[in-house]
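Worksheet for the structure shown next.
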Amino acid sequence: MLGLEKKDTSLLIVVAILTMCAPFILNPFPTDSAMAQFNAGYPDLMQRFVIFGIFAIGFNILFGLTGYLSFGHAAFLGIGSYSAVWMFKLLGYNILPGIFLSVITSGLFALLIGYISLRRSGIYFSILTLAFAQMSFALAYSVLTPLTNGETGLQVYNSDPQYFHSDAMPNIPHLFGQEMQSTFKLSMGGWSFDFNTGYYICALIMLVMFYLAIRIFRSPFGLMLKAIKTNQTRLNYTGLNSRPYTLAAFVISGMYAGLAGGLMASMDPLAGAERMQWTASGEVVLMTILGGAGTLIGPVLGAGFIKYFENIFSKINDTVLHQWFAFLPDGIEDFLIAIVHPFVGKGWHLTLGLMFMAIVIFLPGGLVEGGQKIARKFRGGKAKDTTATTDSTPAE
Amino acid sequence: MAILEIKNVGKRFGGLQALSDVNLSVAENTVHAIIGPNGAGKSTLLNCLVGKLIPDTGSVTFQGQSLLGRKPYQINQMGVSRVFQTPEIFAELTVFENVMIPCFAARDGSFQLNALAAVRGQGDIKDTAEAILEDVKLLDKRHMTASSMSRGDKRRLEMAMCLVQEPKLLLLDEPTAGMARADTNNTIDLLKEIKEKRDITMAIIEHDMHVVFSMAERITVLAQGTPLVEDTPENIKGHPKVREAYLGEAQV
């Protein structure tokens, strides 16, 4: 179907079902239960899941296929956001022109940065991309204030022209009148589910981008990118020039990042320089490695995993802990809370860091490898030679 | 007729004159061996042919076109393939993918942005790849990851990757280095088979005299960066200058 192999089609369908049913899947607990804080089905967070999913899918096309580790991809995310907000300021709140421009500008920047950075490989390439991203951040923060509005962040003011804005249209980001913020709430018994327009638009775009990524993975172009990762010497002596291939991959992944940035601004029409900072670049690296670099679904899983932790674990504060351990005698309760305290709430990074270490050490292939191992156990412990089986497992 | 012409080539690395005044021509459809003791400049010469090194002086022409200043991928596109001392293959990919990549390179040139075409939809590539794997007897291993194969099979695979592009000139850099006698003989048989089936010129750099004398039609002996003598295998065997180069002057 759609020019895909059978196993890829089923993967796409599974992802489609999961994203479309996300409001149900992410809200498994009744709203007034003690577990309700583990519910992740609110619009903001769901949007972030899919937007960072797009970012990571694109990053994986570069890092997962060619092995070139860019440490500056957040620059494209930021460029995408600024472009989108400028479109809102100049043309109006319809998100289409903004998204379109964000992909174009980030693609152009990726062409420039990639052309220079790809003259080197390995650690030098990473450092070059990092340097570019930090320069972009510094520029956006200070020198380019007329374009980026500096520290305050770029936003839409009433005095902005918005040439195509009409009074019939909502005064917040929309797609032909459909407001991004509008949410339909469905209450069933103790449960409540949010269906948000912005989320569904982002999710549909993510599905299209995921589909494109599958096509790229299975194309001759994708095969050449994998060849670059495993042996550039042989590639050069096979009559292939690796530079245009890596540059094309860099631009494609830059455009994915720009699209993610544009969508971010479309959900919340504000763009700040901190979106370009190196921590944001590092985050997408973590997502990709955590989920499984070079696999199709890995980056999406990684993005979901990290965003879930960031938003859910960070909300578990001492009051919540007291509720959980209330049934214990006072002394033990305080003792347990003292132990758990550094790992939750503001300390969620600690938990994430430990899990990241555990995954990198025990599952170098990321969550996808973990899933494959479990699947193999269930299928009856066919402990065959791993290198041969990982290539044919459907989870990829 | 000479397919490869090397004239007055010299190369210096700092204080070391690695090659000086090398003149050599490889005739079309022959197997030409380049032998010589360690440090004679054999590998340097080879690297000058494929674009990895640029000679300081002299010229290298392939079918009348200069190779100097061209990149390895451009030289390959002209019809020169290289087999390495340790097989250079795409270790993490399957055997079949390994062979498909040179097929694409031969068909589409050095770069093609076909990001939305499906690999498995390329019938012609699949057929050529299968045919060459059949030739080198790797067809039943095509779904294996290349890194998990034996050294001999890797060598076969690398050979297949070069041959599938139908090069006019195949450069072999010690193709049997570090191999057991049985593997060496298999490689010789494979190369002979290849030679029988197609019009191809081979230039072999080799240490192992057994390989050289069972294959080569012409032999050039290189010593201290310059060709000592060039002749047929029969004449090379007893040549006093060759003995001297290999065994040193103590003999005299």
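A, B, ... follow the sequence lines: proteins, then strands. Residue 1 opens every chain.
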Task: Region of B:Met161 in contact with chain A, defined by heavy-atom distances below 4.5 Å - done: side chain

Task: Heavy-atom contact with chain B under 4.5 Å, split by part of A:Ala248 - done: side chain

Task: Pick from A:Leu212, A:Leu240, A:Ile252 with the largest number of heavy-atom pairs that fall under 4.5 Å of chain B - done: A:Leu240

Open item on the list: Need one label for B:Ala117: side chain, backbone, both or neither, based on atoms under 4.5 Å from any heavy atom in chain A.
Closed with: both

Task: Criterion ring-ring contact (aromatic ring centres under 6.0 Å, His included) against A:Phe250, the qualifying member of A:Phe63, A:Tyr245, A:Phe76 - done: A:Phe76

- [ ] Look at B:Arg120, B:Gln112, B:Met100 and state which one has the largest set of heavy-atom pairs under 4.5 Å with chain A.
- [x] B:Arg120

Open item on the list: Less than 6.0 angstrom from the centroid, inside 45 degrees of the normal: does A:Arg120 satisfy that with respect to the ring of A:Phe125?
Closed with: no

- [ ] Could you tell me which of B:Ile125, B:Ile75, B:Leu116, B:Asn114 has the largest number of non-hydrogen atom pairs under 4.5 Å with chain A?
- [x] B:Asn114

Task: Under 4.5 Å from any heavy atom of chain B - which part of A:Leu225 - done: neither

- [ ] Go through the atoms of B:Ile89 and report whether side chain, backbone, both or neither lie under 4.5 Å from a heavy atom of chain A.
- [x] backbone

Task: Leading residue by heavy atom contact count with chain A [cutoff under 4.5 Å; candidates B:Phe104, B:Phe84, B:Tyr73] - done: B:Tyr73

Task: chain A contact via B:Gln165 - side chain, backbone, both or neither, heavy atoms under 4.5 Å - done: side chain

Open item on the list: Do the side chains of B:Asp135 and B:Lys197 get close enough for a salt bridge, i.e. N-O under 4.0 angstrom?
Closed with: yes

TODO: Select, from B:Glu97, B:Lys71, B:Gln74, B:Met78, the one with the greatest count of heavy-atom pairs under 4.5 Å involving chain A.
DONE: B:Glu97

TODO: Inspect the contact between B:Glu206 and B:Lys42 and indicate whether a charged nitrogen and a carboxylate oxygen are less than 4.0 angstrom apart.
DONE: no

TODO: Would you indicate whether B:Arg151, at its atom CZ, is surrounded by more than 12 heavy atoms from other residues, nucleotides or ligands within a distance under 6.0 Å?
DONE: yes

Task: Atom group of B:Gln122 that falls short of 4.5 Å from chain A, counting heavy atoms - done: side chain

Open item on the list: Which atoms of B:Val164 are under 4.5 Å from chain A, going by heavy atoms: the side chain, the backbone, both sets, or neither?
Closed with: neither

Task: B:Lys52 versus chain A, the contacting section by heavy-atom distance below 4.5 Å - done: both

Task: Option from B:Pro72, B:Ser81, B:Pro102 for which side-chain contact (heavy atoms from CB on, under 4.5 Å) with A:Tyr237 holds - done: B:Pro72

Open item on the list: With side chain to side chain donor-acceptor pair (under 3.5 Å) as the rule and sequence neighbours excluded, what pairs involving residues 50-73 of chain A come up?
Closed with: A:Tyr68-A:Gln232, A:Ser70-A:His73, A:His73-A:Ser253

Task: Main-chain N/O of A:Lys7 paired with A:Ser10 side-chain donor or acceptor, under 3.5 Å - done: yes

Task: Salt-bridge present (A:Lys373, A:Glu369; N to O < 4.0 Å) - done: yes

